[in-house]
Amino acid sequence: MKKIIVAVFLIFVVALVLIYTSDVKPGKIEKGTETETASAADQLLKSRAKFIQENGIDILIDGKSLSNFGYKLKIDDDMKVYASERFMEDIMGCSINAYKTGKVVIDRAKTELIFGSNDVQEIDGDRFIPISDVIDQLGYRVEFNIRKNQIDFINTDGGRFLPDAYDMREHDRVTPVRDQGDFGTCWAFASLAALESISLPEEENIYSVDHMSLNNGYSLEISDGGEHTMSIAYLASWRGPVYEKDDEYGDGVSNSKLKAEKHLEEAIIMNSRDDNKVKSAIYKYGGVETSIYMEMTYGSTTSDYYNDDTHSYFYDGMASPNHDIVIVGWNDHYPKENFAKKPHSDGAYICKNSWGEDFGENGYIYISYEDVNIADQAIVYTRIAGNDNYDNIYQTDDLGWVGQMGFSKETAYFANVYTAKGDENLKAISFYATGDNTTFTVFVVTDFEDEASLNQNRIEIGKGETRFAGYYTVNLNQDIELTKGQKYAVIVSIKTPGSEKPIAIECDAGGRTQGLNLADGEGYMSLYGEKWHRSEDEKANICLKAFTDNR
């Protein structure tokens, strides 16, 4: 990759018209020397930088505040801007690949920027990248509003950050193709392949499909199949992932006592087809898990919908999905003539399958954009942390998001009550947004006694907004001290546009949820946060976890 040397130097400071008035007689204005003016400008710069460092700054995108999303910037003493990796991915549309050497490569449209380890700063586990000198190459310009303490990122290229073709294989962002054999484990292979991709190329991990398939809490055999909600629940509950080397595939034996090597913090669920969003997710985060109808059975290459010569597949029938794969790229110009059954237009997704390297193009196939099922539902894992991000997890929903409840309104409150196991600090909570554009506010009750405590003693400790349905972890804006044996409650007020049941619950869904335990928690639901109903009385547990650190 060719390193781009940037010569543009951008420091975003209001034009200075400084009047130096030391030793000036009343009624008379005199301009100071150039040295004095420069010194005054430098002091103003450092003063402003110090204020931002201590108080933060409101981040805007094209004039709209992002305060509800929790993004961070770093401003140094010279007012140079360092943007967090997450901000550059989510908002600026960058694909960021970090390597073990510390090198960071940023792609956006046709621009590639390379930063050395000395350029990038690590702050509280977040990677911050200096963007002041390269902001124009990333399709933005930046304006400061000093009076309002705002920084506005103004897009200059119409948001066109996606290339016509992209292949994660060419960027060291995929793990090796694996073979599920005769077992119904495509869902677990797809989930873990997508999860593995988000840490690449900096960190390559191969996770155990056996462990996910046999230790997910559901009453299913390894050949019974599964779905993404089971995968997310397994990861969110800290059951896994574990490494493949510690629990190898296909032997029918699994150690349920293995400790999770990573902790899932966020997964996005796209519940309707939007090719631009799917491509964006691949580009920014990693592989996208999805489902198709695979007309062929395992190991077969004979089908009216599959061209074995070009490794392409296009299904336009009426059958429902029966197979999970991972989308790892796309090509808008992939010829329609390559398909056995020709679609109307060019274009294909590049997909990683789990039938071994002998199938397709070393395990990959090209699926037409016009396939009736692909990307109708798409899942991407966007945040994963080490297993030391928090010391303790409090939860009552091992099976995760099984159903939904509400009050025929798009708003609701829900709460879980927990008892501190030791002297701890409450650091974060997690929950599911059951639809797009969900807004939420988080409260805590530190001295829970009964239902009345949920009204009288709650303290607001965070708020935000999500753009997609999914699983989200919210870091609180202050540490809440808890003592051993203290009963506390975490509460979320939620608004999910268009939903009548915005609360995700764990509930009875037939034989596969025989592991449901309604005796392990104390959950509540309310329409307005005033009159509360026990969720267990409705045969459900609330999907709302709490995370603490030992003190």
Side-chain angles (χ1 to χ4, degrees), residues 175-197 205-262 264 267 287-300 319-326 351-360 363 365 373 377 379 381 397-402 471 506-517:
T175 48
V177 170
R178 301 178 66 188
D179 192 339
Q180 72 184 70
D182 293 327
F183 298 113
T185 50
C186 61
W187 64 277
F189 275 100
S191 294
L192 292 177
L195 183 71
E196 290 162 358
S197 71
N205 297 309
I206 308 298
Y207 297 125
S208 170
V209 170
D210 247 22
H211 197 269
M212 174 179 274
S213 301
L214 297 172
N215 295 284
N216 54 59
Y218 283 79
S219 302
L220 295 170
E221 299 296 328
I222 196 168
S223 293
D224 289 338
E227 57 189 4
H228 69 273
T229 53
M230 294 167 53
S231 304
I232 295 175
Y234 162 85
L235 297 167
S237 63
W238 292 8
R239 292 175 183 264
V242 305
Y243 294 136
E244 168 68 14
K245 63 181 178 62
D246 297 325
D247 192 347
E248 295 184 354
Y249 182 68
D251 58 8
V253 178
S254 182
N255 183 0
S256 61
K257 296 182 180 180
L258 289 174
K259 184 179 180 182
E261 299 291 345
K262 300 287 183 180
L264 179 68
V288 170
E289 177 186 355
T290 191
S291 301
I292 61 170
Y293 175 74
M294 182 63 87
E295 199 262 349
M296 299 171 287
T297 57
Y298 168 78
S300 174
S320 299
N322 64 355
H323 185 60
D324 284 3
I325 54 174
V326 183
C351 300
K352 181 182 182 182
N353 197 21
S354 53
W355 290 0
E357 293 185 355
D358 290 338
F359 175 78
I365 57 175
N373 292 307
Q377 190 169 66
I379 298 89
Y381 300 96
D397 62 324
D398 282 347
L399 302 184
W401 179 6
V402 178
Y471 173 76
E506 178 195 48
C507 60
D508 185 0
R512 70 189 186 117
T513 56
Q514 290 178 6
L516 173 66
N517 181 7

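Index from 1, following the sequence.
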With [X] via salt bridge (Lys or Arg N to Asp or Glu O under 4.0 Å) - residues at least two apart:
X: K352; value: none
X: D398; value: R239
X: E227; value: R512
X: E295; value: none

>> Using every non-hydrogen atom in the two residues, find where D247 and S254 come nearest and quote the distance to one decimal.
In response: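 Heavy atoms only, the tightest pair is OD2-OG, 2.5 Å.
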With [X] via ring pair (Phe, Tyr, Trp, His ring centres under 6.0 Å) - residues at least two apart:
X: Y293; value: Y315
X: Y249; value: F183, F189
X: W187; value: none

>> Tell me every residue that passes side-chain hydrogen bond (donor to acceptor under 3.5 Å, both in side chains) with N373, counting only those two or more places apart in sequence or in another chain.
In response: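 side-chain hydrogen bond (donor to acceptor under 3.5 Å, both in side chains) list for N373, sorted by chain: empty.
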> Who passes side-chain hydrogen bond (donor to acceptor under 3.5 Å, both in side chains) against S197, sequence neighbours left out?
Replying inline: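 Not a single residue meets the side-chain hydrogen bond (donor to acceptor under 3.5 Å, both in side chains) criterion with S197.
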> Could you give all pairs that pass the ring-ring contact (aromatic ring centres under 6.0 Å, His included) test and reach residues 210-234, with sequence neighbours left out?
Replying inline: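 Every pair satisfying ring-ring contact (aromatic ring centres under 6.0 Å, His included) with a residue in residues 210-234: H211-Y234.
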> Taking only residues two or more places apart in sequence or in another chain, which ones pass side-chain contact (heavy atoms from CB on, under 4.5 Å) with S300?
Replying inline: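 So S300 forms a side-chain contact (heavy atoms from CB on, under 4.5 Å) with M296, T297, T302.
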>> Suppose we screen for side-chain contact (heavy atoms from CB on, under 4.5 Å). Which residues come up paired with C186, at least two apart in sequence or across chains?
In response: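 C186: side-chain contact (heavy atoms from CB on, under 4.5 Å) contacts with Q180, H323, D324, S354.
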> Side chain of D210, backbone of G250: donor and acceptor closer than 3.5 Å?
Replying inline: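 Between the backbone of G250 and the side chain of D210 there is a qualifying donor-acceptor contact (under 3.5 Å).
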> Are the side chain of T175 and the backbone N or O of E196 linked by a donor-acceptor pair below 3.5 Å?
Replying inline: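 Here the side-chain-to-backbone pair does not exist.
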